[in-house]
Amino acid sequence: METKEQYKERVAHLESDLHNLEGYMEEFTSFLPLPVCIVNADEVIVDNNEAFADFLEYSKNDEGAGTLLANIFVEDKALEELLTAARQSPDSALERDLTLVTTSGEEKSVTVTVSARHDIHDEYTGYFLGVTPIPEPAESQQAPPPSPEEEPKAEQELQKSKSKLAHEKEKSQAVIDSMRDGVLVIDNEGRVDSINAKAAETLSLDQADIHGEKIADLDYHKRLVPLIEKIADKSSEEEELKLGDQTFEVTIRSTTTENGQTYRLVILHDVSEDEFVEDMKLTFVSVAAHQIRTPLSAIRWSLEILVNQLKDPEQKKVAQRGYRSTKNMLEIVNELLNLDRLQSGKDGYSFEPVNTTELIQQYVDEVKSNDELIDQPTVVFEKPIDRLPKVRADREKLRVVFRNLIDNALKYTDSDGSVEIESSVHVTNDYGNDMIQISVSDTGIGIPPEAQDKIFSKFYRADNATAEQTDGTGVGLYITKQIVEAHDGTIWFESEPDEGTTFFVQLPIAQTQD
Ligand code: ADP
């Protein structure tokens with residue numbers, strides 16, 4: 001049985017333990033980095049730790065004591081709800097995000113953790129309350145609201161960039177307005193983004209009226225209809241378009257801006273004037289050619305006789321040179337006349353079955369007889385072993401084709417080179433038609449790569465050709481192509497500079513062979 005002294009001693013120990021425990025608890029909360037406070041049943045702070053004092057910017061540690069809890073939070077109602085919920089859940093700590101106001105008036109977002117305090121009889125006595133600051137979002141994610149003095153500055157910046165944008169737009173509009181070609185910019189919804197003065201004038205439209213309008217809805221402007229069709233046809237890129245009595249070359253390009261917007265740029269280049277100039281040129285050429293053809297033929301004929309009769313080598317050489325020049329000039333004149341006939345449409349086609357071997361042989365014979373008069377490359381015609389079927393052709397026109405190709409081969413090949421003509425049995429073209437293929441190969445100067453896509457154009461001559469041969473018009477191949485295509489045939493070539501060139505012609509076989 002415990003004596004009275006023993007009992008007193010044990011109580012004293014317990015008291016000291018309890019005291020130590022309180023001290024320990026006080027120390028623990030005091031050094032706890034988390035701001036915490038003890039609140040009584042009337043919701044008044046009775047004690048707080050150092051972290052809490054720092055967080056609320058108290059000048060003294062115990063400054064908070066006696067402060068009504070509601071006074072340090074912005075959201076009264078939310079706080080009350082949190083405390084009530086904590087009272088009703090005695091064994092748990094509850095959390096809520098609230099805004100705390102420090103003594104200096106600064107508002108801090110915090111997560112508030114609350115648990116209700118009870119005495120040994122389970123009587124409710126108040127709360128333990130801790131606050132955890134909510135980290136501020138990174139500056140890049142959320143810019144701080146502009147301070148009152150910053151606000152006019154931001155507004156100024158905005159105005160500045162707006163006027164810069166407007167200025168840029170005005171500048172681009174001025175640039176496209178000053179262009180001699182018509183320019184139309186269509187956005188990816190098919191609306192008119194911009195139109196320059198020239199395009200508006202060409203299409204008889206009011207610039208301001210159609211800005212922002214859907215191009216497809218503008219079909220009540222009759223003049224615009226053919227262009228709308230071209231714009232709608234995404235495959236068309238460069239084509240000619242007739243608007244009234246004017247002709248335009250229409251170029252349509254798609255462009256995508258940095259921000260992913262796609263625009264279609266429509267450029268209208270008026271070629272009516274070019275056509276007029278070309279017409280004038282051809283009229284002049286036609287008149288001039290007609291005037292000089294007859295005297296030139298007479299000179300050529302006289303020189304031919306002279307070359308054959310002269311025995312003295314020196315004299316023969318001079319006459320040969322004269323003959324060659326006259327022959328070249330006559331060829332040029334003939335070519336120009338051919339072009340004139342072709343352009344004027346005066347010269348219709350009359351088709352019949354034509355024996356190509358015969359036609360080529362005739363011209364090769366003619367060339368070979370020249371061989372005796374002038375120095376030129378050797379000409380070989382590899383006659384096909386089997387008789388080839390006849391082609392459906394205009395005999396005179398086809399003669400022009402072979403003459404142009406063979407003459408070019410001779411003209412652009414040195415006299416120690418060679419020209420070879422072959423004609424092969426029908427090959428089947430892409431459409432399943434039987435064709436005759438004729439090729440004219442030479443070992444001459446070749447066609448430079450940069451010139452290859454232009455040599456069938458009217459008046460075009462490659463640089464290496466003009467350097468070698470001053471005579472030439474650049475219309476021979478243009479005429480040749482027109483004729484071949486009028487025969488439903490095709491023409492193409494393969495060429496290596498300084499190695500030689502081969503022109504190929506394919507012509508359809510005539511249905512009837514007599
Ligand atoms: P040209 O009167 O100049 O011969 P063409 O229309 O007949 O005019 O030919 C156009 C251009 O094609 C020539 O100027 C030349 O540059 C090139 N060309 C044609 N045939 C040949 C060839 N066999 N070898 C090299 N270049 C050729």
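Ligands are counted one by one from 1 in listed order, and the atoms in each one are counted from 1 as well. We number each residue from 1, following the sequence as shown. All values derive from a computational prediction rather than experimental measurement. The figures that follow rest on heavy atoms only: side chains count, while hydrogens, waters and symmetry mates do not.
Judged purely by atom type and a 3.5 angstrom limit, S495 uses its side chain to pair as donor or acceptor with the backbone of G500. When atom types are taken as modelled, the side chain of N464 and the backbone of G446 share a donor-acceptor pair closer than 3.5 angstrom. One N or O on the side chain of N196 and one on the backbone of D181 form a donor-acceptor pair closer than 3.5 Å.
The closest approach between any non-hydrogen atom of F493 and ligand 1 is not below 4.0 Å. The closest approach between any non-hydrogen atom of N404 and ligand 1 is not below 4.0 Å.
Looking at V367, D365, V440 one by one, the single match for side chain to side chain contact (heavy atoms under 4.5 Å, CB included) with V379 turns out to be V367.
Within the 4.0 Å heavy-atom criterion, neither part of T466 lies near ligand 1. With a heavy-atom cut-off of 4.0 Å, Y460 touches ligand 1 through its backbone alone. Of the heavy atoms in L477, both backbone and side-chain atoms come closer than 4.0 Å to ligand 1.
Inter-residue side-chain proximity for N355 and R387 is flagged as met; some heavy-atom pair is nearer than 4.5 Å. Under the 4.5 Å side-chain criterion, counting only non-hydrogen atoms from C-beta, Q376 is not in contact with S415. In this structure the side chain of I421 never reaches within 4.5 angstrom of the side chain of F402, judged on heavy atoms. Looking at L398 and T356, their side chains come closer than 4.5 Å, going by heavy atoms from C-beta outward. Looking only at side-chain heavy atoms (C-beta outward), L359 and R395 come within less than 4.5 Å of each other.
D394 and K397 are joined by a salt bridge, as a carboxylate oxygen and a charged side-chain nitrogen come within less than 4.0 angstrom of each other.
When the heavy atoms of F456, Y412, F459 are ranked by distance to atom 27 (C) of ligand 1, first place goes to Y412.
Atom 16 (O) of ligand 1 has A462 N, 3.0 Å as its closest protein atom, hydrogens excluded (heavy atom only). The nearest protein atom to atom 15 (C) of ligand 1, hydrogens excluded, is given as A465 CB, 3.5 Å; this is a heavy-atom distance. Ranking the protein heavy atoms by distance from atom 7 (O) of ligand 1 puts N408 ND2, 2.8 Å first. The single protein non-hydrogen atom nearest to atom 2 (O) of ligand 1 is T473 N, 2.9 Å, given as residue, atom name and distance. At the shortest separation from atom 17 (C) of ligand 1 among protein heavy atoms lies I455 CG2, 4.2 Å. Among all protein heavy atoms, the one lying closest to atom 26 (N) of ligand 1 is I447 CG1, 3.4 Å. The protein heavy-atom contact nearest to atom 25 (C) of ligand 1 is G446 O, 3.6 Å. If you check which protein heavy atom lies closest to atom 3 (O) of ligand 1, you get R461 NE, 2.5 Å.
A distance of 14.0 Å separates NZ in K198 from CG in L184, rounded to the nearest 0.5 Å.
Close contacts of ligand 1 with G472, meaning ligand atoms under 4.0 Å from a residue heavy atom, involve 2 (O). Residue-ligand proximity, V475 to ligand 1, at heavy-atom distances under 4.0 Å covers atoms 6 (O), 8 (O). The K411 neighbourhood of ligand 1 comprises atoms 1 (P), 2 (O), 4 (O), with distances under 4.0 Å to a heavy atom of that residue.
Residue G474 has at least one nitrogen or oxygen atom sitting less than 3.5 Å from a nitrogen or oxygen atom of ligand 1, judged on distance alone. Geometrically, ligand 1 and Y478 share no nitrogen or oxygen pair separated by less than 3.5 Å. On a distance-only criterion, G476 and ligand 1 share at least one N/O pair closer than 3.5 Å.
Between F493 and F456, the ring planes are tilted. Angles from 30° to 60° get that label.
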